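Okay, so here's the structure we're looking at.
Treat the numbers as computed from the prediction; the structure is a model and nothing was measured. Residue numbers begin at 1 in each chain, while the letters A, B, ... track the order of the sequences.
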Amino acid sequence: MATAEIPEGWPATEREARAAQDALRTRVVRDEAGPPPGTVRVAGVDVAYDDERDVVAAAAVVLDAATLEVVEEATAVGRVAFPYVPGLLAFRELPAVLAALDALARPPGLIVCDGYGLAHPRRFGLASHLGVLTGLPAIGVAKNPFTFAHAAPAAPRGSASALLDGGEEVGRALRTRDAVKPVFVSVGHRVDLDNACAHTLALTPAHRLPETTRKADALCRAALREALGPPGAQPSPRPSAR
DNA sequence: GCGACAG
DNA sequence: ATCTTGTCGC
């Protein structure tokens with residue numbers, strides 16, 4: 001597994017982080033439809049933490065467009081780069097995620113994030129940020145509506161309703177399983193909302209969450225366990241001068 | 001000022 | 001995110 005370093009100049013305060021978002025948000029591309037489902041290799045990324053020991057593990061799992069079979073995997077471990085602050089999640093997760101993506105032999109054609117893209121207080125969530133930094137098409141599929149409003153979609157899989165911030169549609173509540181709580185899809189970079197939803201449906205043949213995030217979730221947890229070592233292992237063996 | 005708040 | 005046991009269901 002790769003090692004994730006915190007980049008030079010990475011924001012250390014909330015103020016710096018918000019300024020970085022305001023500077024980078026202008027680079028988001030929203031006028032591309034993006035690759036149609038089934039045409040590109042899709043990567044799922046996710047991160048697991050042990051804040052006590054200051055360890056973070058990220059995983060990138062690439063699936064074949066048509067079969068959803070895993071074609072490549074990579075992980076990266078490092079130190080936690082930022083505390084969890086709603087609206088600033090990207091600063092906590094991205095260094096490790098970028099290291100895992102860099103460890104792949106070839107870049108994917110689409111990245112699916114566990115979280116939001118456009119649906120964000122400053123319209124620059126995790127998926128937008130990762131898309132801009134990598135230049136790759138990216139979407140966000142979140143498990144919760146965050147602070148946004150939405151009407152319940154109809155019961156059948158495929159039904160959707162607008163995810164709203166005031167009167168602005170920032171994403172969609174999309175039902176991926178009949179009568180099961182919807183997921184919350186938003187655009188990241190170089191993909192439009194209809195296509196982001198189409199990809200999400202293509203990635204959910206059997207479960208509420210996309211296969212990409214399910215696989216990435218399992219892999220980053222395993223990587224974290226491995227990095228922490230067996231329970232009861234000594235922290236950092238101190239060299240004793242005697 | 002208070003509460004809510006992706007992961 | 002993470003802490004946590006069993007349990008109901010496909």
Side-chain angles (χ1 to χ4, degrees), chain A residues 4 11 14 17-18 20-21 25 28 44-61 75-98 100 111-132 138-150 157 163-166 168-174 176-189 193 196 200 204-210 212-225 227-228 231:
Chain A
E14 295 185 24
R18 282 190 291 271
Q21 290 181 330
R25 57 186 286 187
V28 172
V45 295
D46 196 16
V47 178
Y49 301 91
D50 186 317
D51 283 293
E52 283 295 295
R53 305 194 196 195
D54 191 32
V55 178
V56 53
V61 178
T75 58
V77 172
R79 297 169 70 77
V80 180
F82 207 84
Y84 172 66
V85 178
L88 301 178
L89 179 63
F91 297 94
R92 179 170 170 78
E93 308 217 324
L94 286 190
V97 167
L98 289 167
I111 300 172
V112 179
C113 297
D114 197 357
Y116 284 120
L118 222 213
H120 177 273
R122 287 168 295 284
R123 303 292 178 268
F124 195 70
L126 179 62
S128 313
H129 202 146
L130 182 57
V132 166
I139 66 173
V141 180
K143 298 182 286 294
N144 299 293
F146 200 9
T147 61
F148 305 106
H150 69 95
R157 159 178 157 88
L163 187 63
L164 302 169
D165 187 358
E168 181 182 357
E169 180 178 44
V170 294
R172 212 164 273 167
L174 177 66
T176 54
R177 305 296 299 160
D178 290 351
V180 170
K181 175 179 176 173
V183 296
F184 303 88
V185 180
S186 61
V187 158
H189 184 60
L193 187 54
T200 300
T204 51
H207 299 280
R208 177 170 87 111
L209 298 179
T212 38
T213 60
R214 289 170 48 80
K215 297 266 170 45
D217 179 77
L219 184 57
C220 70
R221 290 188 197 221
L224 180 63
R225 287 196 302 270
L228 294 176

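Pairing analysis of DNA chain B (Watson-Crick: purine N1 to pyrimidine N3 plus N6-O4 or O6-N4; G-U wobble: N1-O2 and O6-N3; both under 3.5 Å) yields no stem of 3 or more pairs.
By the ring pair (Phe, Tyr, Trp, His ring centres under 6.0 Å) test, H120(A) pairs with no residue at all, sequence neighbours left out. Applying the ring pair (Phe, Tyr, Trp, His ring centres under 6.0 Å) rule to F91(A) yields the partners W10(A), F82(A), H129(A); only residues at least two apart in sequence or on another chain are considered.
Nearest heavy atom pair, residue A196(A) against residue I139(A), reads CB-CG2, 3.7 Å. Considering every non-hydrogen atom in both A96(A) and A4(A), the closest pair reads CA-CB, 3.7 Å. Nearest heavy-atom pair across G117(A) and A127(A) is CA-CB, 3.8 Å. Nearest heavy-atom pair, L126(A) versus D114(A), reported as atom, atom and distance to 0.1 Å: CD2-O, 3.7 Å.
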Dot-bracket line, read 5' to 3' along DNA chain C, where crossing pairs take [ ] and | marks a partner on another strand, Watson-Crick or G-U under 3.5 Å:
..........

Polar atom pairs between nucleotides 5-7 of chain B and protein, under 3.5 Å, N or O only, would you list them?
{"residue": "dA6(B)", "atom": "OP2", "partner": "Y84(A)", "partner atom": "OH", "Å": "3.1"}
{"residue": "dA6(B)", "atom": "N7", "partner": "G87(A)", "partner atom": "N", "Å": "3.2"}
{"residue": "dA6(B)", "atom": "N6", "partner": "G87(A)", "partner atom": "O", "Å": "3.2"}
{"residue": "dA6(B)", "atom": "N6", "partner": "L88(A)", "partner atom": "N", "Å": "3.4"}
{"residue": "dA6(B)", "atom": "N6", "partner": "L89(A)", "partner atom": "N", "Å": "3.2"}
{"residue": "dA6(B)", "atom": "N1", "partner": "L126(A)", "partner atom": "N", "Å": "3.3"}
{"residue": "dA6(B)", "atom": "N3", "partner": "Y116(A)", "partner atom": "N", "Å": "3.1"}
{"residue": "dG7(B)", "atom": "OP1", "partner": "K143(A)", "partner atom": "N", "Å": "2.9"}
{"residue": "dG7(B)", "atom": "OP2", "partner": "N144(A)", "partner atom": "ND2", "Å": "2.6"}

Dump the pairs, protein N or O against N or O of nucleotides 3-9 of chain C, anything under 3.5 Å, distances to one decimal.
none

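Residues F124(A) and V132(A) meet the side-chain proximity criterion, which asks for heavy atoms closer than 4.5 Å.
Taking a cutoff of 4.0 Å between a charged side-chain nitrogen and a carboxylate oxygen, D165(A) and R123(A) qualify as a salt bridge. Using a 4.0 Å cut-off between a side-chain N of Lys or Arg and a carboxylate O of Asp or Glu, D178(A) and R157(A) do not qualify as a salt bridge.
For R122(A), the CZ atom sits in a packed shell: over 12 heavy atoms of surrounding residues, nucleotides or ligands are nearer than 6.0 Å.
Both tests hold for R92(A) against Y49(A): distance to the six-membered ring centre under 6.0 Å, angle to the ring axis within 45°.
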Intermediate values then yes/no, salt bridge (charged side-chain N to carboxylate O under 4.0 Å, His left out), D46(A) and R214(A)
CA-CA 9 Å; D46(A) 196 16; R214(A) 289 170 48 80; over 6 Å; no

